[in-house]
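Down below is the structure, laid out as structure tokens.
Whatever order the structure lists them in is the order used to number ligands and atoms, beginning at 1. This structure is a prediction, so every number in the text was calculated from the model and none was measured.
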Amino acid sequence: MSLDTVKEKTIVCPHCGHHTHISIDASNGDQNYYDECLNCCQEVHLVTHVDEATDKLDVSIDADDEQFY
Ligand SMILES: [Zn+2]
């Protein structure tokens with residue numbers, strides 16, 4: 001059990017390059033959600049992964065209008 005599970009991260013908007021500060025509650029495990037850029041108001045797709053071994057939080061960001069399948 002960890003008392004401090006909220007991690008602060010700086011993400012860079014894939015649309016406009018604006019830096020946004022976010023807080024992620026790592027106690028919820030891996031998350032996959034959308035946030036809105038405060039600068040350009042476009043949706044940013046965020047995927048967070050918690051590495052329990054190192055207690056590190058990885059955040060992947062992509063713009064949903066560019067899909068590579
Ligand atoms: Zn933006």
Side-chain angles (χ1 to χ4, degrees):
M1 196 158 94
S2 172
L3 293 174
D4 182 20
T5 55
V6 178
K7 311 283 187 189
E8 303 235 310
K9 281 274 175 184
T10 301
I11 60 168
V12 180
C13 174
H15 303 286
C16 69
H18 182 73
H19 288 236
T20 305
H21 207 59
I22 57 168
S23 297
I24 298 163
D25 186 351
S27 66
N28 291 333
D30 295 354
Q31 293 177 65
N32 189 324
Y33 66 103
Y34 291 86
D35 211 347
E36 200 171 77
C37 174
L38 296 173
N39 189 50
C40 68
C41 295
Q42 295 198 68
E43 287 202 319
V44 180
H45 186 198
L46 292 148
V47 179
T48 70
H49 172 72
V50 181
D51 187 332
E52 286 174 13
T54 58
D55 197 35
K56 277 185 70 173
L57 184 72
D58 292 319
V59 183
S60 301
I61 301 149
D62 63 81
D64 251 12
D65 55 10
E66 293 178 73
Q67 305 236 334
F68 302 97
Y69 288 131

So how many protein N, O or S atoms does the Zn ion (ligand 1) have within less than 2.8 Å?
->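 There are 4 of them.
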Straight-line distance of [X] [atom1] to [Y] [atom2], nearest 0.5 Å:
| X | Y | atom1 | atom2 | result |
| --- | --- | --- | --- | --- |
| Cys40 | Gln42 | SG | CD | 4.5 Å |
| Asn28 | Thr5 | CG | OG1 | 7.5 Å |
| Ile61 | Leu46 | CD1 | CG | 6.0 Å |

Scan side-chain atoms only and decide if His15 and Asn39 contain a donor-acceptor pair under the 3.5 Å cut-off.
->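 No, because no side-chain N or O of His15 sits under 3.5 Å from a partner of the opposite role on Asn39.
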Keeping the roles fixed (side chain from Thr48, backbone from Gln31), state whether a donor-acceptor pair exists under 3.5 Å.
->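 The answer is yes, because a donor-acceptor pair under 3.5 Å joins these two groups.
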Could you tell me whether the side chain of Asp30 and the main chain of Val50 form a donor-acceptor pair under 3.5 Å?
->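 A pair under 3.5 Å: yes.
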